[in-house]
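Here's the structure, in C-alpha cells; my notes come after.
Indexing begins at 1, ligand by ligand and atom by atom, following the structure's order.
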Amino acid sequence: MLADKVAVVTGGSRGIGREIAKELAKHGAKVVVNYNSSATAAEEVVAEIKEAGGDALAVQANVAEFDAAQNLIKTAVDTFGKIDIIVNNAGTTRDTLLLTMKEQQWDDVIDINLKSVFNVCKAAARPMVRKKQGGRIINITSVVGITGQAGQSNYAASKAGIIGFTKSLAKELGQRQITVNAIAPGFFPTALTNDLPDDVKDHYMDLIPLKRWGDLPEVGYLVCFLASEKASYITGQVINVDGGIAM
Ligand code: NAP
C-alpha cells in the first residue's frame, strides 16, 4: 500500500509512535524513526522493521528546536531521496492545575507538542512541494484538545493548537495535493498515561462507550489509511480514535 513511500515519524521510539512506525513499514514505507532521548528504543524499532524485511533509520532530534527539526528532515531527504509522509507524533505532558503551573511547564508542553509540529512541517513542506508528488501530513492531537481537561490546560492548548494548524495547512497545501489531517486518540496505555491514579482511570473507563482503552496499534491503522492513496480526498479533518469517549 505504501511501497516506495518515505515516512518520518516524530517520537517513533516509544508508545503510539513506535506502533505507527512499524505499521507504516509493514505497508512498505521506508521510515525515519525520530527520537529525542530513547536511542536504544529507537534502534530496536529500526531493527524490528529491518528484520521484517523493511527499511528504517533512527534519527535523534529534539523537534521542539527549529534547527534540530531542519536537520531531521535534511537527514531523511539525504538518506531516502524524498519525503512523502510526515507523522507529527512527539508529545509530552506536564500536568497540573493553572494555579500551580510554572511558566516552564507551560513552555515545555507548547514547545514539544505544538511548536514541534510547526518546526517539522516548516522544514518538510518545501521539499515535499518541490517534488510535485503530493504528500501526507498527519498530526497526532488528542481528545483533550477538543474537550479540555482540568489539570491539562497546557496540554489541551497545545493539542487544540494542532487542530487549528492542521486545518490552516490543509488549506495552504491542498492545491499541491498534500493532505493534512489530525488524529485525536482517546486513552492508550503508554508512559504518558501510566501515572494516572486508579480512580481517574476508572472514571475514564466509565465514560468510554467501548469499555476499554485503545490498543497501541489502533492509531497506526488509521495513520496508514490516511497515508494511502485511498485517502486522497480527505484533508483538514480531525478523526478520533477514542472508543467513542469524545462524541
Ligand atoms: P510516550 O509513550 O511518552 O512517547 C512519546 C514519544 O515522543 C517518545 O518516542 C519520545 O521520544 C518522543 N518525544 C518526546 N519529546 C520529544 C522531543 N522533544 N523530540 C522528539 N521526540 C520526542 O507517549 P504516547 O502516549 O505514545 O504519545 C504519543 C502522541 O500521542 C503524543 O503526541 C500524545 O500527546 C498523543 N496522545 C496520547 C494519548 C495516550 O493515551 N497515550 C492520548 C491522546 C494523544 P524519547 O523517549 O526519545 O524522548
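Atoms of ligand 1 lying under 4.0 Å from any heavy atom of Gly15, numbered from 1 in the order shown and given with element: 2 (O), 26 (O). Distances below 4.0 Å separate heavy atoms of Ser37 from the following atoms of ligand 1: 45 (P), 46 (O), 47 (O), 48 (O). The Ala90 neighbourhood of ligand 1 comprises atoms 7 (O), 13 (N), 21 (N), 22 (C), 32 (O), with distances under 4.0 Å to a heavy atom of that residue. For ligand 1 and Tyr35, the ligand atoms under 4.0 Å from any heavy atom of the residue are 47 (O). Atom numbering of ligand 1 starts at 1 in the shown order; those under 4.0 Å from a heavy atom of Ala191 are 2 (O), 3 (O). With ligand atoms numbered from 1 in the order given, ligand 1 contributes 40 (O) to contacts under 4.0 Å with heavy atoms of Phe187. For ligand 1, the atoms sitting less than 4.0 Å from at least one non-hydrogen atom of Tyr155 are 33 (C), 34 (O), 35 (C), 36 (N), 43 (C), 44 (C), numbered in the order shown with element in parentheses. When each atom of ligand 1 is checked for a heavy atom of Asn34 under 4.0 Å away, the hits are 20 (C), 21 (N).
Within the 4.0 Å heavy-atom criterion, both parts of Phe188, backbone and side chain, lie near ligand 1. Residue contacts with ligand 1 for Val143 are absent, since no atom lies close enough (heavy atoms, distance under 4.0 Å). At a heavy-atom distance under 4.0 Å, only side-chain atoms of Thr193, from C-beta outward, approach ligand 1. In Ala61, the part holding a heavy atom less than 4.0 Å from any atom of ligand 1 is the backbone. Looking at Ile112 against ligand 1, only its side chain comes within 4.0 Å, counting heavy atoms.
With respect to Lys115 and Asp111, no salt bridge is recorded, no charged nitrogen being found less than 4.0 Å from a carboxylate O. Ion pairing of Arg212 with Glu218 is present here, as a side-chain N (NZ or NE/NH1/NH2) and a carboxylate O approach within less than 4.0 Å. With respect to the salt-bridge test (charged N to carboxylate O, under 4.0 angstrom), the residues Asp199 and Lys201 do not qualify.
Contacts of Val77 classified as side chain to side chain contact (heavy atoms under 4.5 Å, CB included), with partners at least two apart in sequence or in another chain: Ile73, Ile83, Pro127. Partners of Asp195 by salt bridge (charged side-chain N to carboxylate O under 4.0 Å, His left out), not counting sequence neighbours: none found.
Remark: the Arg94 side chain and the Thr96 side chain contain no N/O donor-acceptor pair separated by less than 3.5 Å. Asn119 and Glu65 are not linked by any side-chain donor-acceptor pair at a separation below 3.5 angstrom, with hydrogens and angles left out of the test.
Contact annotation: Thr141 has at least one heavy atom less than 4.0 Å from an atom of ligand 1. Every heavy atom of Trp213 sits 4.0 Å or more from the atoms of ligand 1. Note on ligand 1: Lys159 sits in its first shell, one or more heavy atoms being nearer than 4.0 Å. Contact between Gly186 and ligand 1 is present, with at least one heavy atom of the residue lying under 4.0 Å from the ligand.
For atom 46 (O) of ligand 1, the closest non-hydrogen atom on the protein side is Ser38 OG, 2.5 Å. When only non-hydrogen protein atoms are considered, atom 23 (O) of ligand 1 lies nearest to Leu192 CG, 3.4 Å. Considering only non-hydrogen protein atoms, atom 16 (C) of ligand 1 sits nearest to Asn36 CB, 3.8 Å. At the top of the distance list for atom 37 (C) of ligand 1, counting protein heavy atoms only, stands Ile16 CD1, 3.6 Å. At the top of the distance list for atom 1 (P) of ligand 1, counting protein heavy atoms only, stands Arg14 NH1, 3.8 Å. Ranking the protein heavy atoms by distance from atom 12 (C) of ligand 1 puts Gly11 CA, 3.4 Å first. Among protein heavy atoms, the minimum distance from atom 18 (N) of ligand 1 is reached at Asn62 OD1, 2.8 Å. In this structure, the protein non-hydrogen atom closest to atom 31 (C) of ligand 1 is Asn89 O, 3.1 Å.
Residue Ala41 comes nearest to Arg18 through the heavy atom pair O-NH1, 3.5 Å, listed as atom of the first residue, atom of the second, then distance.
Counting non-hydrogen atoms of neighbouring residues, nucleotides and ligands closer than 6.0 angstrom, the CZ atom of Arg176 reaches no more than 12 such neighbours. Heavy-atom neighbours of Lys211 NZ from other residues, nucleotides or ligands within 6.0 Å: above the threshold of 12. Atom CG of Asp202 has more than 12 neighbouring heavy atoms from other residues, nucleotides or ligands inside a 6.0 Å radius. Residue Lys167 qualifies as open at atom NZ: its count of foreign heavy atoms under 6.0 Å is 12 or below.
Taking all heavy atoms of Ile183, Ile140, Leu216, Asp111 into account, the minimum distance to atom 30 (O) of ligand 1 is reached by Ile140. Ranked by closest heavy atom to atom 19 (N) of ligand 1, the top entry among Asn240, Val63, Leu196 is Val63.
The aromatic rings of Trp213 and Phe187 sit tilted relative to each other, their planes meeting at an angle between 30° and 60°.
Asn139 pairs with exactly one of Thr10, Thr166, Asn181, Asn89 by the side chain to side chain donor-acceptor pair (under 3.5 Å) rule, that one being Thr166.
Thr93 places a side-chain heavy atom less than 4.5 Å from the side chain of Gln152.
With hydrogens and angles disregarded, no donor-acceptor distance shorter than 3.5 Å links the side chain of Asp55 to the backbone of Lys30.
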